[in-house]
Amino acid sequence: MSGRGDIEVDHLRREFGKFVAVDDVTFQVPRGEIFGWLGANGAGKSTTIRMLIGVLEPTGGDALVDGISVRKDPFGVKRRIGYMSQRFSLYPDLTVRQNMAFFGGAYGLSGKKLNDRIETVARDVDLTELLTAKTADLPGGTRQRVALGTSLLQEPGIVFLDEPTAGVDPVSRRMFWDLIRRISGQGTTVFVTTHHLDEAEECRRVGLMVDGKLVALDTPAALARDHVPGTIWRARAVGIQAAVPLLVGRPGVLDVQPFGSELHVRVDGLPKEMLDDWLRPRFPDLTLEQGRATLEDVFLAVVGHQEET
Amino acid sequence: MRFSPGRFFRRVMAMARKEVAHVRRDAGMLYLAIGMPLLLIFIFGFGVRFDADDLPVVVVDEDHSEQSDALIEALTASGDLEMVEMAEDEPAAELALRSNRAVGALIVPHGFGAIRQRGGTGEVQLLVDGTDGTIANMLLANTESLVLATSLREQRVMPAFAVSVSTRYNPAGESAMFLLPGTIAYVLALVSVLLTSLAVAREWERGSMEQLFATSVGTLEIVVGKLLPYLALGVLDVLLALALGALVFDLPIRGSLPMLALGSLLFIFGMLGQGLFISIITRSQMLATQLGALSAMLPSLLLSGFLFPTDNLPLLLRAVSVLIPARYLVALLRSVLLKGGGFLDVWQDLVGLLAFALVTVAASTASFKRRIA
Amino acid sequence: MIPFALVQLRALITKEFQQIAADPRLLRLLIAAPVIQLLIFGTAVNFEVDVVPTAIVDQDRTSTSRAHVDELMADGTLVRALDAAQPDDALAAMDHGDVAAVIVLPEGLDATRLRHRPAPIQIVLDGTDVRRSTVAASAASRYFAQVDAPPPAIRLVPRILSNPTLDTQPYMVPGLAAMVLVITTTLITAMGLAREREVGTLEQILVSPIRSPVLLTGKVLPYAAIGLLDTGLALGAGSLVFDVPMRGSLVFLAVATMLYLLSTLGAGLLVATVARTQQQAFMGGFFFMIPAILLSGNMTPVLAMPKWMVPVTYLNPLRWFIEILRANLLEGSGFRELWVHLVMLLLIGSTLFVTALLRFRTKLG
């Protein structure tokens, strides 16, 4: 890991004909950070990633990935990064080791160095005993781990993970995120996109794209604070969902959302006691806890706001 | 489970509808089904011929006499042989052959004129480039008959026999008439076997075949339902090829249309069954195409009588050719199209085609069942 | 330190061979099938029309007519398949496909001869097979022309170079090898790349630092090696089983084969840049292969094609390679005689390869 391990995006832009897919995007990611990149389908998420990994040429601006310009030296960028996508495809007819050896070779690894790296990475992603298994026989979650391990073979300073957990069961997803934290702990920058907003909470910082523009960028907590005003109370009681009509429209109540077996009540300066008074008579077993806005709330708020303007 | 024709038919149609949707989504398949007859009819109608005019020859006149001039004139005036250059001597002529400037060399040796003046038999030499035997044979036959005719003219003797030759079915002797009926069979063999084996192998690769087993659709229903749309494509190909043949090459249809239709249908069904069978045993598109090409493309070309008469095959291969369905369709098509054949002329071919269709559909149904079990 | 691109190339080639090894059926098909096809079809191709089933209508029924019939059949070209009393019976047999020629000997052969008039002989031929009717006509005419004739004025003395007995195999088998090779190399390359696209591994390679020339070379080299091996096996089998001579230099042959493979593999790659699925790749490969094979001059000579079609064959790599094979194996020709052919193969091959490369690049942008 000799490079700088950071990303500097400077007024990056990409047009397809008249359509502006990525519109003047600027941000930085420091070394070792887990950086989340969110947006609806068609918001320009993938286009941004494809420019950052040196596959698609920007039509404006530039980005330095590990200190290398994606414009001037896309192959230099490709050599220094790891990339794994939801569609990451391994050769199903080859074994895990053969797959790793091939992709390692694609990044210029060979001989003893290659073998050492395969062993190390296999240990890191808990695959040592599966190296001789045929890839086609592995379950989806395991295949994703092989894919992640493969993208780490050349010890990249930065890994780009494009929807890495799409279509993977929750248990495997949790294991996968443990791995991501471990990688980041070793000093590797992780640039990740995901559909699962609960996963994005794990990121140190999150960027949000709407219609080709970067509209918000901060830590999940700061985003919640800035974009979702008020306080959230998590109300829990038997049959609490029936309380929605009791609350909607009351002064000081901004929003009421059922959330699993809970009710999330967002209020504007309304004291907890008031809420308690309204609900306690109907729901004697009521508990009220202060909650925090999720990224989902942020996402809805930001997208909603963008659509209004 | 009791067999109910109504339900069988409904399920077959459901399968067929699904397959039609497949074909329609995949424009490439339609290109193949329509492009292939066009391409092949074009190639075999225009490009593949067994006779050549103007065979290029070098001439070496060592005699330089009136007689040698007359002979050279007589041999090269007809249009069968075309004199491309005069060479000094035999080595020069051989060089012309080796560098492919000519396919043969006519050499009139020294003393030819003198021998002829004495009334003796003059000899003219023909050097033949043997690297292409087809051309060599043509050159030999053409030159031989030219020399024979010239010789008879010079002798001015009454021949013992007056031979009159008449040619039936194809009096103009066009290669296209011989090749086009076979081309139809060849197109069908290619399109049917390759399309089905590819389409079904792809379903195996994607796993959608396994899903089909999970339903209660019967094996035979699956097999027949899968084949129906390709059968339609095959019929389309026959019509296209016949229309093209008639419009561009004046290919006649002199015999029984029902026999033509029946024979083609049986053949297509058999070839589709073969394609399905291949896809079931390979379950991989790459393997299926190789095996399809191996089992349909070359045998239908070489062992069917399409290009080479089956009578000419060595005994062992003649036995093999009995198993090649294209052989029967080629014979049937030639008979019906060119000779005006009817049921009595082609019933043996129909039996062969029927047998093949039954065997392949039965084989693919059986191997299907084994796959599911 | 090995250069970066070579490490990548080695990884690509290793992977390709591992994939082939993972499916032994494919390996068998790649190695064994060409040889087996060559053996079968090498036996099948036989242009000599040596048997024409013939119906005899002998209306003379004398010892003279019987003697003529026997002598006519003596060289074995015309084979007596039917004796018919009436011409109509013989023609019906021709309709049914039992005989391909009918020869009618009229009554009173001896009497006509005594009156010094030519006896009329009728020959009716089945014209569907042009070659066969030509052979039958010339066999019969030749016989009847020489009966009781004085020594001819002019006689043809043919001498055939390089394949004196004009056996079909020595000139057809090399061409068959070239045909079989095109099936293996073009189709497998086209479908191999399309399969990577279908499975998604191509996309993965494209985000890696493998440049497209390295990728395409790595995709092609393994099959070039297999093609070369196939050619060796095919020619070995050809010379062992079919007595195909090998009079030319093997080095020249290897160079020519590699240039030929450049164009068949290049065609496969070009198809692969257009095709999104294996099915499309197959069809594309097929539309290249069929005309290439049929208009190669192997089955029917280029000389017999219409004049306007001949220039089209200049674009056909198969045509040049077949001429090279024939000239090299049968005549021992080498660089001096065949350099034009090599240049043409190089031109066709590199054009295909470069076009494939360019298309491949632009399609990714």
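If you're wondering where the values come from, they're calculated on a predicted model, not measured in any experiment. In the text below, chain A, chain B and the rest are named by the order of the sequence lines, each starting its count at 1.
Residue-environment remark: CZ (A/Arg173) exceeds the threshold of 12 foreign heavy atoms within 6.0 Å.
With a 4.5 Å cut-off on non-hydrogen atoms, C/Glu203 touches chain A through its side chain but not through its backbone. Neither the backbone nor the side chain of A/Leu114 comes within contact range of chain C, judged by heavy atoms closer than 4.5 Å. Contact annotation for A/Pro92: only side-chain heavy atoms (C-beta onward) come within less than 4.5 Å of a heavy atom of chain C. Both the backbone and the side chain of C/Arg211 come within contact range of chain A, with heavy atoms under 4.5 Å apart.
Between chain A and the options C/Thr14, C/Leu215, C/Leu9, C/Ile205, the largest number of non-hydrogen pairs under 4.5 Å is found for C/Ile205.
Salt bridge present: C/Lys219 and C/Glu196 bring a charged side-chain N and a carboxylate O closer than 4.0 Å.
Rounding to the nearest 0.5 Å gives a distance of 11.0 Å between CG of C/Leu261 and CD1 of C/Ile226.
C/Thr201 places no side-chain N or O within donor-acceptor distance of the main-chain N or O of A/Leu90, the cut-off being under 3.5 Å.
When all heavy atoms of A/Leu12 and A/Val9 are compared, the pair lying nearest together is CB-CG1, 3.6 Å.
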